[in-house]
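The structure appears below as structure tokens.
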Amino acid sequence: MKAFIVDRYGKSAALRFGDMPEPVVRDGDVLVAVRAAGLNLLDSKIRAGAFKALLRYRVPFILGHDVAGTVVRVGSNVRRFKPGDEVYARPRDGRIGTFAESIAIDQADVAPKPGNLDMAEAASIPLVGLTAWQVLVEQAGLKKGQKILIHAGSGGVGTFAIQLAKHLGAMVATTTSTANVALVESLGADVVIDYKKQDFEEVLSGYDVVLNSLDGDTLRKSLSVLKPGGKLISISGPPDPDFAKAQRLSWFLRQVMRLLSFGIRRQARRRGIHYSFLFMRASGEQLRQITSLIEAGTIRPVLDRVFPFEATNEAMEYIETGRSKGKVVVKLG
């Protein structure tokens with residue numbers, strides 16, 4: 001089958017368009033013919049080797065974390081899906097590879113595609129939807145009436161998280177550039193900080209939760225926005241000891257992550273704030289709940305551009321500019 005392949009780690013290493021063996025379908029797998037695949041900055045970071053200590057992909061391997069497509073075959077233990085079903089998924093770590101004509105995915109990671117979305121729209125959802133769900137619902141326990149600051153509101157995670165936070169009844173502030181103010185307001189943001197004109201840490205205070213997806217400087221400044229007892233949750237690092245423990249990492253890597261996050265954890269403790277890091281996990285069950293919200297019209301996908309599959313490298317270059325609004329997708333056929 002045709003696929004986009006990582007032959008070597010490197011920031012500027014283009015993906016090779018070539019042939020790879022057909023996926024092996026395990027007893028609990030569904031084989032999906034890929035119709036569309038979403039792109040994420042995580043793809044770029046993995047290609048660059050940023051997560052080699054955590055995710056040990058042996059080159060050559062196929063990149064890609066989001067998929068929408070049609071089931072063509074199922075393993076002997078699969079009961080929820082059958083050939084012909086339209087599905088979407090974020091395959092679990094260790095089994096990625098959506099930049100290809102087909103992929104075998106554990107049935108636990110798969111959900112029926114929202115009926116009101118086309119394949120490109122559906123492929124834009126899984127990774128950012130699951131990330132937002134696990135931050136807001138699981139880690140933050142966001143409740144009606146609470147205040148949350150969502151950084152980078154016009155990005156993939158941000159556009160989804162704003163809508164989910166509003167559904168949960170929160171008051172939402174977000175940061176974005178001048179060009180994207182109207183977009184985040186249309187998604188439901190109550191307070192919009194144009195970072196080109198304002199410093200968010202000088203405007204906002206008394207917040208319950210901050211979702212950070214930006215750099216360490218933004219992370220530190222976010223502490224002043226939170227009230228005592230607040231939660232600072234980062235999806236861009238640094239990883240913390242709880243994350244290392246949950247991942248069952250070696251003693252050495254646990255100590256490395258303890259040191260990496262020591263500074264921000266100490267500053268947070270001094271203010272009575274809880275810091276945590278989230279690296280999202282695959283979940284078909286959570287995607288089913290997200291599907292219900294999408295089909296009810298509560299959440300809508302935000303697509304910036306759809307590239308043809310053959311232009312996957314160009315699509316990767318585009319998301320790395322940081323200028324995309326919402327998600328970028330490649331489409332097959």
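Treat the numbers as computed from the prediction; the structure is a model and nothing was measured.
Judged purely by distance below 3.5 Å, without hydrogens or angles, the side chains of Ser324 and Asp304 never pair a donor atom with an acceptor atom. No side-chain donor-acceptor contact under 3.5 Å links Asp66 and Thr98. Side chains of His151 and Thr175: a donor-acceptor N/O pair is present below 3.5 angstrom, by distance only.
The backbone N or O of Glu320 sits nowhere less than 3.5 Å from a side-chain atom of Arg323 that would complete a donor-acceptor pair. Side chain of Lys147 to main chain of Ser205: a donor-acceptor pair is present (N/O by atom type, distance under 3.5 Å, no hydrogens or angles). Distance alone, capped at 3.5 Å, places no donor-acceptor pair between the Lys45 side chain and the Ala50 backbone. Judged by distance alone, the side chain of Thr159 and the main-chain N or O of Gly155 form a donor-acceptor pair under 3.5 Å. Panel note: side chain Asn116, backbone Ile294; a donor-acceptor pair is recorded below 3.5 Å. At distances below 3.5 Å, not a single donor-acceptor pair connects side-chain atoms of Gln146 with backbone N or O atoms of Val209. Checked by atom type and distance alone, the side chain of Arg265 pairs as donor or acceptor with a backbone atom of Arg258 at under 3.5 Å.
One finds no salt bridge joining Arg16 and Asp19 here, because no Lys/Arg side-chain nitrogen approaches an Asp/Glu carboxylate oxygen to under 4.0 Å. Between Asp242 and Lys245, none of the side-chain N atoms (NZ, or NE/NH1/NH2) sits under 4.0 Å from a carboxylate O, so this pair counts as no salt bridge. A salt bridge links Asp208 to Lys227: one of the charged nitrogens lies within less than 4.0 Å of a carboxylate oxygen. Remark: Asp109 does not engage Arg95 in a salt bridge, criterion side-chain N to carboxylate O under 4.0 Å. Look at Arg92 and Asp106 and you find a salt bridge, because one of the NZ, NE, NH1 or NH2 atoms lies within 4.0 Å of a carboxylate O, short of that distance. The existence of a salt bridge linking Arg47 and Asp43 is excluded, since no basic side-chain nitrogen approaches an acidic carboxylate oxygen closer than 4.0 Å.
Transitive grouping of hydrophobic side chains (ILVMFWY, heavy atoms separated by less than 4.5 Å) keeps Val135 and Leu214 in distinct clusters. Phe262 and Leu260 fall into different hydrophobic clusters, where Ile, Leu, Val, Met, Phe, Trp and Tyr side chains are chained together by heavy-atom contacts under 4.5 Å. Val59 and Met316 fall within a single hydrophobic cluster, where Ile, Leu, Val, Met, Phe, Trp and Tyr are joined by side-chain heavy atoms under 4.5 Å apart, directly or via other members. Residue Leu259 is not grouped with residue Ile264 when hydrophobic side chains (ILVMFWY) are merged at heavy-atom distances under 4.5 angstrom, including chains of intermediate members. No continuous path of ILVMFWY side-chain contacts below 4.5 Å connects Ile103 to Val329, so the two sit in separate hydrophobic clusters.
For the atom pair Leu130 CG and Glu285 CD, the distance stands at 11.5 Å (nearest 0.5 Å). Atom CG of Leu211 and atom CG of Leu232 lie 9.5 Å apart (nearest 0.5 Å). Taking CG of Leu164 as the reference point, atom CD1 of Ile299 lies at 5.0 Å (rounded to 0.5 Å). One finds the CG atom of Leu136 at 10.5 Å from the CD1 atom of Ile162 (value rounded to the nearest 0.5 Å). Distance check: Glu185 CD to Asn180 CG gives 11.0 Å after rounding to the nearest 0.5 Å. Between atom CG of residue Leu278 and atom CD of residue Glu138 there is a gap of 8.0 Å, rounded to the nearest 0.5 Å.
Listed here is the closest heavy atom pair of Ser261 and Pro241: OG-CD, 3.6 Å. The heavy-atom pair separating Thr174 from Ala152 by the smallest distance is OG1-C, 4.4 Å. Listed here is the closest heavy atom pair of Ala111 and Leu287: CB-CB, 3.6 Å. Shown here for Ala104 and Val24, the closest heavy-atom pair between the two residues is CB-O, 3.5 Å. Scanning both residues, Asp215 and Asn212, for their nearest heavy atoms gives O-ND2, 4.0 Å. Closest non-hydrogen pair, Val25 versus Gly75, comes out as CG1-N, 4.1 Å.
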Derivation of the side chain to side chain contact (heavy atoms under 4.5 Å, CB included) call for Gln267 and Arg271 | CA-CA 7 Å; Gln267 292 176 57; Arg271 294 172 175 262; 5.8 Å; no
Walk me through it: do Arg281 and Gln134 pass the test side chain to side chain contact (heavy atoms under 4.5 Å, CB included)?
-> CA-CA 8 Å; Arg281 69 185 189 282; Gln134 288 165 24; 3.7 Å; yes
With side-chain hydrogen bond (donor to acceptor under 3.5 Å, both in side chains) as the test, would you mind laying out the steps for Ser186 and Arg300 before giving the verdict?
-> CA-CA 11 Å; Ser186 74; Arg300 62 178 174 89; 3.3 Å; yes
Apply side chain to side chain contact (heavy atoms under 4.5 Å, CB included) to the pair Phe51 and Leu42, showing each step before the final yes or no.
-> CA-CA 9 Å; Phe51 294 106; Leu42 177 60; 3.6 Å; yes
Please step through side chain to side chain contact (heavy atoms under 4.5 Å, CB included) for the pair Met1 and Ile62, ending with a clear verdict.
-> CA-CA 11 Å; Met1 67 173 180; Ile62 304 169; 3.6 Å; yes
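Two residues are said to be in side-chain contact when any heavy atoms from C-beta on lie closer than 4.5 Å; Trp133 and Leu293 meet this criterion. Val110 is listed as a side-chain neighbour of Phe81, based on a closest heavy-atom distance under 4.5 Å. Within the 4.5 Å cutoff, side-chain heavy atoms of Leu204 are placed close to those of Leu149. Looking at heavy atoms from C-beta onward, Phe277 lies out of side-chain contact with Met257 at the 4.5 angstrom threshold. Put simply, the side chain of Tyr57 does not reach to within 4.5 Å of the side chain of Leu63, judged on heavy atoms. At a threshold of 4.5 Å between non-hydrogen side-chain atoms, the residues Gln163 and His167 do not count as touching. Using a 4.5 Å heavy-atom cutoff, the side chains of Ser222 and Phe200 are in contact. The side-chain heavy atoms of Met280 and Val157, taken from C-beta on, include no pair separated by under 4.5 Å.
Using the six-membered ring where Trp is involved, Phe243 and Phe279 have ring planes that are tilted, between 30° and 60° apart. Between Tyr318 and Phe307, the two ring planes are tilted [angle within 30° to 60°].
Phe4 and Phe309 have their aromatic ring centers within a separation under 6.0 angstrom.
Shown here are the side chain to side chain donor-acceptor pair (under 3.5 Å) partners of Thr321, two or more places apart in sequence or in another chain: there are none.
When each of Val172, Val302, Ile150 is checked for a side chain to side chain contact (heavy atoms under 4.5 Å, CB included) with Leu187, only Val302 meets the rule. Partner Ser102 forms a side chain to side chain contact (heavy atoms under 4.5 Å, CB included) with one of Val67, Thr70, Val72, Leu31 and no other, that one being Leu31.
In the displayed structure, Arg80 atom CZ is contacted under 6.0 Å by at most 12 heavy atoms of other residues, nucleotides or ligands. In the displayed structure, Lys166 atom NZ is contacted under 6.0 Å by more than 12 heavy atoms of other residues, nucleotides or ligands.
Geometrically, Lys113 does not engage Tyr88 in a cation-pi contact defined by less than 6.0 Å to the ring centre and at most 45° from the axis.
Within the structure, salt bridge (Lys or Arg N to Asp or Glu O under 4.0 Å) contacts touching residues 116-130 (residues at least two apart or in different chains) do not occur.
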